[in-house]
Amino acid sequence: MVKSNSGLSRKRLGEMYRTMLRIRRFEETADDLYMAGKVVGGVHVSIGQEACSAGVCAALREDDAVLTTHRGHGHSIAKGTRLPEMLAELMGKVTGLCRSKGGSMHIADVSKGHYGAHSIVGANMPMAAGIGLAYQLEGKDRVAVVFFGDGASNNGAFHEAMNLCAIWKLPVVFFCENNQYAVSVPAEYSTSVDDISVRSKGYDAPGLTVDGMDVAAVYEASREAVSHARRGLGPSLVEAKTYRFFGHSRGDPHYGMYRTKEEWEGWKERDPLIVCEKMLKMTAKQKKAHADAVEAEIREAIEFAENSPEPEESVALEDIFA
């Protein structure tokens with residue numbers, strides 16, 4: 001497994017730390033509001049996986065594309081989506097990113113190159129291939145990154161999309177967040193290989209496994225894969241070994257059903273925020289400054305969302321396309 005060499009500047013690493021903290025506090029807030037009955041629909045948080053979102057998106061330009069999953073808040077935030085409109089979407093308000101029609105599992109923000117979260121496992125990968133093809137035909141040096149989990153790597157859509165991108169040298173990065181479980185099924189049971197990244201060999205494409213709890217390692221691997229795609233050399237497969245600290249969804253306990261407390265606590269020791277704090281050698285004062293700034297953003301988002309109106313029944317059939 002590749003780890004970082006800590007070659008990033010302190011400023012750059014500090015920015016990624018702030019992104020991870022922003023993701024963490026947004027999702028903790030969303031979970032609290034869900035339990036209070038203020039967030040509608042399902043909510044799947046990525047707490048523990050923040051280094052993946054922050055590291056990948058730090059390697060992208062604003063005009064690059066991302067396609068995410070049902071566990072996609074972090075990808076959205078790292079790509080630049082504003083918190084107020086995002087929280088309003090989760091709370092079913094008309095000021096939300098999708099005018100309340102997307103919810104947590106279908107967030108999209110095309111203005112930031114975010115082409116949607118997808119609740120159907122693996123469905124975003126053929127779409128990423130299509131976006132990559134559009135960029136190639138238009139002669140643009142833009143890149144599409146598609147996020148998916150270890151479970152989706154066993155879907156036919158993964159292999160079909162990877163094969164097509166390899167044949168046509170499309171500028172797509174396949175980024176697997178291997179959080180060890182597809183709902184409750186362990187990757188070691190459902191997947192034929194220890195490292196999902198080795199599957200890239202079947203498509204003559206680069207493959208790399210990185211420490212998904214180390215944001216610097218994720219950034220460096222992503223930067224390499226994005227550069228490869230931008231130069232017209234085709235797709236890459238990056239696998240990040242990571243872990244979700246929460247259950248699959250709110251009704252799933254952190255541990256005790258299919259995960260042991262010992263396993264959970266072992267991964268908690270490698271919390272990506274703690275790993276980054278150690279790399280930055282942050283003082284208590286510095287951590288507080290980051291925390292205070294993010295808390296101000298969270299308060300602004302809550303106030304905006306709670307004060308926003310709910311949609312009128314008359315708009316229910318708007319924004320429908322055939």
**Complete:** The side-chain contact (heavy atoms from CB on, under 4.5 Å) partner of R24 among D271, V294, T19, I77 is D271

**Message:** When you compare the side chain of R244 with that of R259, does any pair of heavy atoms fall below 4.5 Å?
**Reply:** yes

**Prompt:** Centres of the H248 and H44 rings: under 6.0 Å?
**Reply:** yes

**Carboxylate-amine/guanidinium contact D319 K101, below 4.0 Å** = yes

**Asked** Do the ring planes of Y17 and H290 sit parallel (below 30°), tilted (30 to 60°) or perpendicular (above 60°)?
**Response** perpendicular

**Message:** Once you measure the plane-to-plane angle for Y203 and F158, does it fall in the parallel (<30°), tilted (30-60°) or perpendicular (>60°) bin?
**Reply:** perpendicular

**Prompt:** Considering only heavy atoms from C-beta outward, does the side chain of V183 approach that of Y258 to under 4.5 Å?
**Reply:** no

**Request:** Answer yes or no: is there a side-chain heavy-atom contact under 4.5 Å between S153 and I196?
**Result:** yes

**Request:** State the CE-NE2 distance between M105 and H70, to the nearest 0.5 angstrom.
**Result:** 8.0 Å

**Prompt:** Partners of R142 by side chain to side chain donor-acceptor pair (under 3.5 Å), sequence neighbours excluded?
**Reply:** Y135

**Message:** Between the side chains of K268 and E265, is the shortest nitrogen-to-carboxylate-oxygen separation below 4.0 Å, so that they form an ion pair?
**Reply:** no

**Prompt:** Rounded to the nearest 0.5 Å, how far apart are CG of N155 and CD1 of I120?
**Reply:** 11.0 Å

**Asked** At what distance, to the nearest 0.5 angstrom, does CD1 of I302 lie from CG of L87?
**Response** 6.5 Å

**Prompt:** Is E239 reaching over with its side chain to a backbone N or O of S197, donor-acceptor style, under 3.5 angstrom?
**Reply:** yes

**Item:** Pair E220 + R223: basic N to acidic O under 4.0 Å
**Value:** no

**Item:** R25 bridged to E295 by N-O distance under 4.0 Å
**Value:** yes

**Request:** Return the set of residues passing side chain to side chain donor-acceptor pair (under 3.5 Å) with H75 (not counting sequence neighbours), or none when no residue passes.
**Result:** E177

**T191 side chain reached by N154 side chain, heavy atoms, under 4.5 Å** = yes

**Heavy-atom side-chain proximity of S46 to E27 below 4.5 angstrom** = yes

**Message:** To the nearest 0.5 Å, what is the distance between CZ on F26 and CG on L83?
**Reply:** 6.0 Å

**Rounded distance (nearest 0.5 Å) linking atom NZ of K79 with atom CD1 of I107** = 15.0 Å

**Asked** Is the backbone N or O of G96 less than 3.5 Å from a side-chain atom of E85, with the two atoms forming a donor-acceptor pair by type?
**Response** no

**Asked** Does a side-chain N-to-carboxylate-O contact under 4.0 Å join R230 and D64?
**Response** yes

**Item:** Main-chain N/O of F245 paired to W267 side chain as donor or acceptor, under 3.5 Å
**Value:** no

**Prompt:** Between N307 and E303, is there a donor-acceptor pair closer than 3.5 Å when you use the side chain of the first and the backbone of the second?
**Reply:** yes

**Message:** As a test of understanding, state which of D195, D150, D194 forms a salt bridge (Lys or Arg N to Asp or Glu O under 4.0 Å) with K241.
**Reply:** D195

**Request:** May I ask you to test the V45-E28 pair for a side-chain heavy-atom distance under 4.5 Å?
**Result:** no

**Prompt:** Is atom CG of D292 surrounded by more than 12 heavy atoms (other residues, nucleotides or ligands) closer than 6.0 Å?
**Reply:** yes

**Request:** Assess the side chains of H114 and T81: does a donor N or O sit below 3.5 Å from an acceptor N or O?
**Result:** no

**Item:** Main-chain N/O of A205 paired to S200 side chain as donor or acceptor, under 3.5 Å
**Value:** yes

**Fill in**
When L97, L33, T29, V39 are each screened for side-chain contact (heavy atoms from CB on, under 4.5 Å) with L90, the one that passes is V39

**Message:** Closer than 4.0 angstrom, basic N to acidic O: yes or no for D211 and R270?
**Reply:** yes

**Prompt:** Rounded to the nearest 0.5 Å, how far apart are OG1 of T95 and CZ of F304?
**Reply:** 3.5 Å

**Message:** Please check if the number of heavy atoms outside E318 that lie under 6.0 Å from its CD is greater than 12.
**Reply:** yes

